[in-house]
Protein chains: 2
Amino acid sequence: MSAIADVARLAGVAKATASRALSGRGYVSEETRRKVVDAATLIGYVASPNAASLVTGRTKSIGVIIPFISRWFFSEVLESLERSLLAEGYDMTLYNLPAHSAERERVFDFFLARKRFDGVISVGVELSDAEVGLLHRLGRPLVGIGGEIPGVHTIAIDDTAAARLATEHLLSLGHTDIRHIGGDQVDQMDFAVHTKRLTGFNMAMSAAGLSADGCFAPCAFTVPGGYGAGLALFGDPHRRPTAVFAASDEIAFGLIVAARELGILIPSELSVIGIDGHPYAEMFRLTTIEQHPRNQARMAVESLLRALEQPSAPVTPGLTRAPTNLVMRSSTSAPR
Amino acid sequence: MSAIADVARLAGVAKATASRALSGRGYVSEETRRKVVDAATLIGYVASPNAASLVTGRTKSIGVIIPFISRWFFSEVLESLERSLLAEGYDMTLYNLPAHSAERERVFDFFLARKRFDGVISVGVELSDAEVGLLHRLGRPLVGIGGEIPGVHTIAIDDTAAARLATEHLLSLGHTDIRHIGGDQVDQMDFAVHTKRLTGFNMAMSAAGLSADGCFAPCAFTVPGGYGAGLALFGDPHRRPTAVFAASDEIAFGLIVAARELGILIPSELSVIGIDGHPYAEMFRLTTIEQHPRNQARMAVESLLRALEQPSAPVTPGLTRAPTNLVMRSSTSAPR
DNA sequence: TCCAGATATGGAAACGGTTGCATAAGGAAC
DNA sequence: GTTCCTTATGCAACCGTTTCCATATCTGGA
């Protein structure tokens, strides 16, 4: 194809001048600039980012590590990351790494270690010290979403507090027989999200003077997971709780579908609360704690780009808490 | 960082030899190879793909254009694309382009036109002749998923046939009062997917000697979209059909939720069939036409890589039909 | 013994940009 | 009329690989 040398020749200037004219860096007279631009458009010149990266060391592309694509939180984050990065002129290269996959090491050694990215965003993946160290040594800034990583700036909601808030909402309505349906061990999710939400639940219960023993039931972190748990939990009318705190909206939807199939009225016979702010929540009239993943993604991009602009001042490691808020709908009420 | 020159120096060989030893191309004695590899691991050498691309012209990375990330079909395709490409050593760079977005031109001119990708996969995006021409001129192979693009190899199901099959299933059960709930104009989906499915419905109806006039109702191509359409459609018991063909499983779920809220029994009072093979279908006991997006993605990658390996023989333009199959569950039965 | 081919290695030229340094002209300040 | 700074441009080095070409050794077959 046509290289910048061709453009320079056609415009009657040196390669250096053509480069400056096209990139806008350095001194170029307006007249020369126009000549160069005209020549470039005439022969359909497009710059080679590879060649530029080679000398500048910057690739204008960001690597993203994410364990799921189809789960709501992650797809929302992904869409928002892509938009924000594209708007800033960055490419986004995606690595879909299931939590403890065998490919993880390969991705780090083979893909990330190469100098193809200016920075990395890790979504819901708890990086090891070795992995963080690798990126750090390469001088590549790293920002996390979803949980705390030592030495890395991360954006995350306070899972424990959110779970506690959800449970307290049920308690404040007068419920005392509350169950928590959350992720199980099989569903590997990093940052101990499941555990933190369970902890928040336990804290709220004991603060209210209630025992949380036997109040937790695990299930797959999906709608069918919640559905299965709901059928099992609500099957026996005598052991049915008056309220359920689901660790995610998707679980909550499954619980609601199961409850409806069993003829249980919501909220009069059963209150349900979730966490997420999923777009289907309104349709199911689900009370939930919203966590705004798109904002979390924007915050991560902002932090990463700031670190890229000022390599001197490394990203302030530490946790930025993303806000959450309770949205009350009609899936919760006082017990009968 | 350390370059291949450092490795060569440490191993006591020339850069050329070090390159051959590490890439495995050309003649290198076993002894020398080991020396080079040892030196490389010793100083933690990682190759720069940028520098390599510059001379080889191959980037080992593929660009993917996709209009949605969170919709089921697209997230499935995406996950499968990523796996297949990663397994073959390719990076995947993602461009999330809503159908008629303003950014589309910018992405093509600014991102895709650059020589950053060996090839492009377009998922559910109907590329214009100009866009196809641009990539073709750059010598970058292109494979499509979701519908026919002139001059490009594409993988797609037969939307018309699938819709017809779904409708025929309802007809064969004895239904005559059938409605089709599908995507609306606002929901911009390329390749006229909505129209094709409507056409399949109409063909089946008229083949059965039934009029399809007024049997179509549009809605957003989502669960809440189907829910809203269901509430509207099933609200009046006297105008209620005995069967509904939903253009997607997600719409079907919404319809089912709406029907259940209204106390309508499925399938005795209402049969519902969808298209997709969504993982929630089993939970809703939904009869559906499965379309296996992951396989479609695998086929696309295979086709693209074949084109990359043999630049001489260009990809056979044309359409490869991805198979679909009817899965019967208990959301459909004969009318009462 | 000589020669063709396979094997092994090095030197140097690419690939396509950016940028440091040198040069030169035009003002402004003294 | 110097001196200095700003503006404008060119030359050449450089980024980190791959690969072409040349050279040299070692086979084995004629």
Side-chain angles (χ1 to χ4, degrees), chain A residues 1-37 39-40 43-61 89 110 113-118 138-140, chain B residues 1-37 39-40 43-61 89 91 110-111 113-118 138-140:
Chain A
M1 292 299 111
S2 54
I4 201 171
D6 303 326
V7 176
R9 199 177 312 121
L10 186 58
V13 299
K15 259 171 56 179
T17 305
S19 171
R20 281 187 284 253
L22 292 172
S23 69
R25 272 183 292 274
Y27 295 115
V28 176
S29 75
E30 184 50 35
E31 188 197 343
T32 307
R33 209 190 65 79
R34 195 189 308 275
K35 271 196 304 184
V36 171
V37 169
I43 64 175
Y45 167 77
V46 286
S48 158
N50 278 323
S53 314
L54 196 54
V55 45
T56 61
R58 324 202 79 201
T59 63
K60 278 284 181 178
S61 103
F110 187 70
R114 307 174 154 221
K115 302 117 185 172
R116 215 171 233 191
F117 309 110
D118 291 344
L138 290 169
R140 297 286 175 264
Chain B
M1 293 297 113
S2 55
I4 201 172
D6 303 326
V7 176
R9 199 176 312 121
L10 186 58
V13 299
K15 262 169 52 180
T17 305
S19 172
R20 281 187 287 254
L22 292 173
S23 69
R25 272 183 293 274
Y27 294 115
V28 175
S29 74
E30 184 50 34
E31 187 196 343
T32 305
R33 209 190 65 79
R34 194 189 310 274
K35 271 196 306 186
V36 171
V37 170
I43 64 176
Y45 166 77
V46 286
S48 158
N50 279 323
S53 318
L54 194 55
V55 43
T56 62
R58 324 202 79 201
T59 63
K60 278 283 181 178
S61 102
D91 273 351
F110 187 70
F111 289 97
R114 309 175 153 218
K115 301 119 184 171
R116 218 171 230 193
F117 308 111
D118 292 344
L138 290 170
R140 297 285 176 265

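This one's a predicted model, so the numbers in the text were calculated from it and none came from an experiment.
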Hey, which sits more toward the 5' end of DNA chain D by its nearest nucleotide, B:Ala5 or A:Ala14?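 Nearer the 5' end of the strand: A:Ala14.
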Closest-nucleotide 5' rank along DNA chain D - winner of A:Leu54 and B:Ala16: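 Of the two residues, A:Leu54 wins.
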How many whole angstroms separate atom [atom1] of [X] from atom [atom2] of [N]?
X	N	atom1	atom2	answer
A:Arg58	C:dG16	CZ	C1'	20 Å
A:Arg116	D:dG16	CZ	P	16 Å
B:Arg20	D:dA22	CZ	C1'	12 Å
B:Leu138	C:dG16	CG	P	13 Å
B:Asp6	D:dG16	CG	P	9 Å
B:Arg25	C:dT9	CZ	P	17 Å
B:Lys15	D:dC15	NZ	P	10 Å
B:Glu30	D:dC26	CD	P	19 Å

Looking at A:Glu31, I want to see if its CD is surrounded by more than 12 non-hydrogen atoms of other residues, nucleotides or ligands under 6.0 Å.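 Incorrect, the count does not exceed 12.
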[X] vs [N]: side-chain N/O to OP1/OP2 distance below 4.0 Å:
X	N	answer
B:Ser29	C:dT9	yes
B:Thr17	C:dA8	no
B:Thr32	C:dT9	yes
A:Tyr27	D:dA8	no
B:Ser48	D:dT17	no
A:Thr56	D:dC15	no

Do the side chain of A:Arg116 and the main chain of B:Pro49 share a donor and acceptor less than 3.5 angstrom apart?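 Judged by distance alone, no pair lies under 3.5 Å.
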Do side-chain atoms of B:Asn50 reach the backbone of A:Asn50 as a donor and acceptor pair under 3.5 angstrom?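 Answer holds: no.
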With sugar-phosphate meaning primed atoms plus P, OP1 and OP2, does [X] contact a base, only sugar-phosphate, or nothing at under 4.0 Å between heavy atoms?
X	result
A:Val46	sugar-phosphate
A:Val7	nothing
B:Ser19	base

Taking C-beta and beyond as the side chain, do B:Tyr45 and B:Leu10 meet within less than 4.5 Å on heavy atoms?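 With C-beta onward as the side chain, the pair stays apart.
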Using the closest heavy atom to pick a nucleotide of DNA chain C for each, name whichever of B:Gly26 or B:Val55 lands nearer the 5' end.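 Taking each residue's closest nucleotide, the earlier one in sequence belongs to B:Gly26.
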Taking all non-hydrogen atoms of both residues, which atom of B:Arg20 and which atom of B:Val28 are closest, and how far apart?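 The pair with the smallest heavy-atom distance is CB-CG2, 3.5 Å.
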